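Structure first, commentary second.
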Amino acid sequence: MAPPRITRVFGAVNIGSFRISAIVAGMSEMGDMIVLGSGHRASQGIKRGYVTDMAAATYAVRDAIDRAEKMADTSVSKVWIGCSGAGLASRIDQFDAEIGGRRIEQEDIDQLLISAREVIQPDGRMVLHAQPAQYRLDGAHGVGNPKGLHAERLGVDIHIMLAEGAPIRNLTEAVQCAHLEVEAVVGSPIAAGQACLSPEERDLGVALVEFGAEVTNVAVYSHGLLIDMISIPMGSADITDAVASAFGIRRFQAERLKCVNGSAIASPHDHRELIPVNAPGEEGTGPIARHADDKNRIPRAELIGVITGQLGILMEEINKALKLMRFNAQRGKQVVFTGGGAELVGLADYAQAALGKPVRIGRVPHLSGLAEAHVKPGFSTLAGLVLYAAADPIDIRTFGKNRQGSVSYSGLGVVNRVYRALREYFEHFAQPCNPCDGDGTIGWISRFRLWTTGPHALPR
């Protein structure tokens, strides 16, 4: 049977504090998403979602995308970026227009979205995306497509994702210096929600907890919308550090203990079970752990005690966030945990008791071709990025601009356009990209490619 024909190719990179992962996926003629290649590597130059070393972050991004491209046997020039830090914030703005009781046409909807740009007030922050979430007819909410209906007033709810400008520019530059164009930066709660939450859950109301390495994002969905979110500067790496400090061992040893022998739920036989600090074949190396026996083994109960102690602190912060977002006031709501930290054994049971809400673990949806190693909660944001890209979401900031009438350039008009484009290039892109190379040569070439293919490109 012949393989399905791929009509569109998507590339995505999720930049996390523990790992940087990349994916190359294609859309078949039948509309199915097929993963062509995926890869990941340890994160470098990223701390709690912020770029702290441009050269290291650029190298890690390039390495991750190279692995995905090698597996896919194809290359990508544009990628969608997942961002979990940078002070993410979410809000819903509203805009209304008079219709006068007549039948709503597509032109009315288009004009509504174009005019709705007026309500976007970033207040000194960067707008990652501003999307129409749902429409309102004379106060009636939840209208998906108002075309063909009659109304006195037509309104739209706009979901706006904000972030701090400088950290986003650093993330963007790290990817650009890896010789990739940035299609868009997507807040990880949006991408993770696309992958882990069903439309019914988003409509009924659900809290999505993205339990990352150094950042935990708590997002609340209701009536199909992401209505609020709070970032907590804590994550699973803090549990690793607590284990390393408690037993006086190296971080990599603590990470292995947490992943292999750790649990969020204690059992009666944990006090009798001794677990080795060192991995098989590494006996006799490294420091002797505190409270260890002569074979460098520690009681599993002590390890679980350290893990649950740190988890308790995090659950308190999550509870505070849910209360601030008034999620606890609504009964029967579900909490979904995803992210790398959600892979901890027994986390759902522990969180359910701590939060007093039904809890489940959000997993990566079935995608044809996705490697088995990436079918885990830690890769839900990565999978969500390509699903989000394939959905081709509308951004009202750019909506309608490609519908404007074409302008012909002749005579001095062409000269002026070329002059303005050249001046803009040298003003904004003339600095060498030091993280990419030592002498700036590759950075200049990369920037020239971005200039000739990006928003500053000259007409061809």
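We're numbering straight along the sequence, starting at 1. Note that this is a predicted model, so its numbers are computed, not measured.
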Tell me if a side-chain donor or acceptor on [X] pairs with a main-chain N or O of [Y] at a distance below 3.5 Å.
X: Asn296; Y: Ala289; value: yes
X: Ser43; Y: Gly16; value: yes
X: Lys333; Y: Leu204; value: yes
X: Thr7; Y: Met27; value: yes
X: Arg125; Y: Gly87; value: yes
X: Ser115; Y: Leu112; value: no
X: Arg62; Y: Ala178; value: yes
X: Gln253; Y: Arg250; value: yes
X: Arg19; Y: Arg41; value: no
X: Arg363; Y: Val375; value: no

Using a 4.5 Å cut-off on heavy atoms from C-beta on, say whether the side chain of [Y] contacts that of [X].
X: His291; Y: Glu302; result: yes
X: Val182; Y: Leu171; result: no
X: Ser263; Y: Ile307; result: no
X: Lys323; Y: Lys320; result: no
X: Val175; Y: Val13; result: no
X: Met161; Y: Gln131; result: no
X: Val345; Y: Tyr350; result: no
X: Gln334; Y: Lys357; result: no

State, to 0.1 Å, how close [X] and [Y] come at their nearest heavy-atom pair, and which atoms those are.
X: Ile92; Y: Ile227; answer: CG1-CA, 4.3 Å
X: Gly82; Y: Asn14; answer: O-OD1, 3.6 Å
X: Ser84; Y: Val215; answer: O-CG1, 3.6 Å
X: His223; Y: Gln134; answer: O-OE1, 4.0 Å
X: Ser90; Y: Asp228; answer: O-OD1, 4.0 Å
X: Gly37; Y: Ala72; answer: N-CB, 3.7 Å

Determine, step by step, whether Asp93 and Ile120 satisfy the side-chain contact (heavy atoms from CB on, under 4.5 Å) criterion, reporting the C-alpha distance in whole Å, the side-chain angles of both residues, the deciding distance to 0.1 Å, and the verdict.
-> CA-CA 8 Å; Asp93 286 348; Ile120 302 177; 5.6 Å; no
Could you grab the distance from atom [atom1] of [X] to atom [atom2] of [Y], nearest 0.5 Å is fine?
X: Leu387; Y: Leu367; atom1: CG; atom2: CG; value: 5.5 Å
X: Glu317; Y: Ile230; atom1: CD; atom2: CD1; value: 10.0 Å
X: Asp203; Y: Leu197; atom1: CG; atom2: CG; value: 12.0 Å
X: Ile318; Y: Leu311; atom1: CD1; atom2: CG; value: 8.5 Å
X: Ile65; Y: His179; atom1: CD1; atom2: NE2; value: 13.0 Å
X: Ile15; Y: Ser21; atom1: CD1; atom2: OG; value: 9.5 Å

Does [atom1] in [X] sit with more than 12 non-hydrogen atoms of other residues, nucleotides or ligands closer than 6.0 Å?
X: Tyr59; atom1: OH; answer: no
X: Arg251; atom1: CZ; answer: no
X: Arg202; atom1: CZ; answer: yes
X: Arg91; atom1: CZ; answer: yes

When you look at Phe337 and Leu208, which way does the side-chain contact (heavy atoms from CB on, under 4.5 Å) test go after all the steps?
-> CA-CA 6 Å; Phe337 274 76; Leu208 179 66; over 6 Å; no
Criterion side-chain contact (heavy atoms from CB on, under 4.5 Å) against Pro189, the qualifying member of Asn217, Val218, Val209 |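 The residue from Asn217, Val218, Val209 that satisfies side-chain contact (heavy atoms from CB on, under 4.5 Å) with Pro189 turns out to be Asn217.
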What residue among Leu113, Val119, Ile114 forms side-chain contact (heavy atoms from CB on, under 4.5 Å) with Arg117?
->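 So, applying the side-chain contact (heavy atoms from CB on, under 4.5 Å) to Arg117 and each of Leu113, Val119, Ile114, only Ile114 qualifies.
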Would you call [X] and [Y] a salt bridge, taking side-chain N to carboxylate O under 4.0 Å as the test?
X: Asp395; Y: Arg397; result: yes
X: Lys258; Y: Glu343; result: no
X: Arg360; Y: Glu201; result: yes
X: Lys70; Y: Asp66; result: no

Can [X] and [Y] be counted as having a side-chain donor-acceptor contact under 3.5 angstrom?
X: Thr338; Y: Ser380; result: yes
X: Gln44; Y: Asp53; result: no
X: Ser77; Y: Glu181; result: no
X: Thr216; Y: Glu210; result: no

Geometric cation-pi criterion Arg136 and Phe95, 6.0 Å radius, 45° cone =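 No - Arg136 does not lie over the ring of Phe95 by the 6.0 Å and 45° rule.
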Kindly confirm or rule out a cation-pi arrangement of Lys78 over Phe10, judged by NZ or CZ under 6.0 Å from the six-membered ring centre and within 45° of its axis?
->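 The answer is no; the distance or angle limit is not met.
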side-chain contact (heavy atoms from CB on, under 4.5 Å) evaluation trace for Phe18 with Glu214 | CA-CA 8 Å; Phe18 180 73; Glu214 297 182 346; over 6 Å; no
Would you sort out whether Phe211 and Leu314 count as a side-chain contact (heavy atoms from CB on, under 4.5 Å), showing the intermediate values?
-> CA-CA 10 Å; Phe211 190 4; Leu314 177 62; 3.4 Å; yes
Whether Tyr388 and Trp80 hold their rings parallel, tilted or perpendicular, with breakpoints at 30° and 60° =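 Aromatic pair Tyr388/Trp80 classed perpendicular.
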Mind checking whether His129 and His159 have parallel, tilted or perpendicular rings, split at 30° and 60°?
->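 Geometry flag for His159 against His129: tilted rings.
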Can you name the side chain to side chain contact (heavy atoms under 4.5 Å, CB included) partners of Arg256, sequence neighbours left out?
->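 By the side chain to side chain contact (heavy atoms under 4.5 Å, CB included) rule, Arg256 matches Val260, Ala279.
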Using the test salt bridge (Lys or Arg N to Asp or Glu O under 4.0 Å), find all partners of Arg48 that sit at least two apart in sequence or belong to another chain.
->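 If we apply the salt bridge (Lys or Arg N to Asp or Glu O under 4.0 Å) test to Arg48, skipping adjacent residues, the hits are Asp238.
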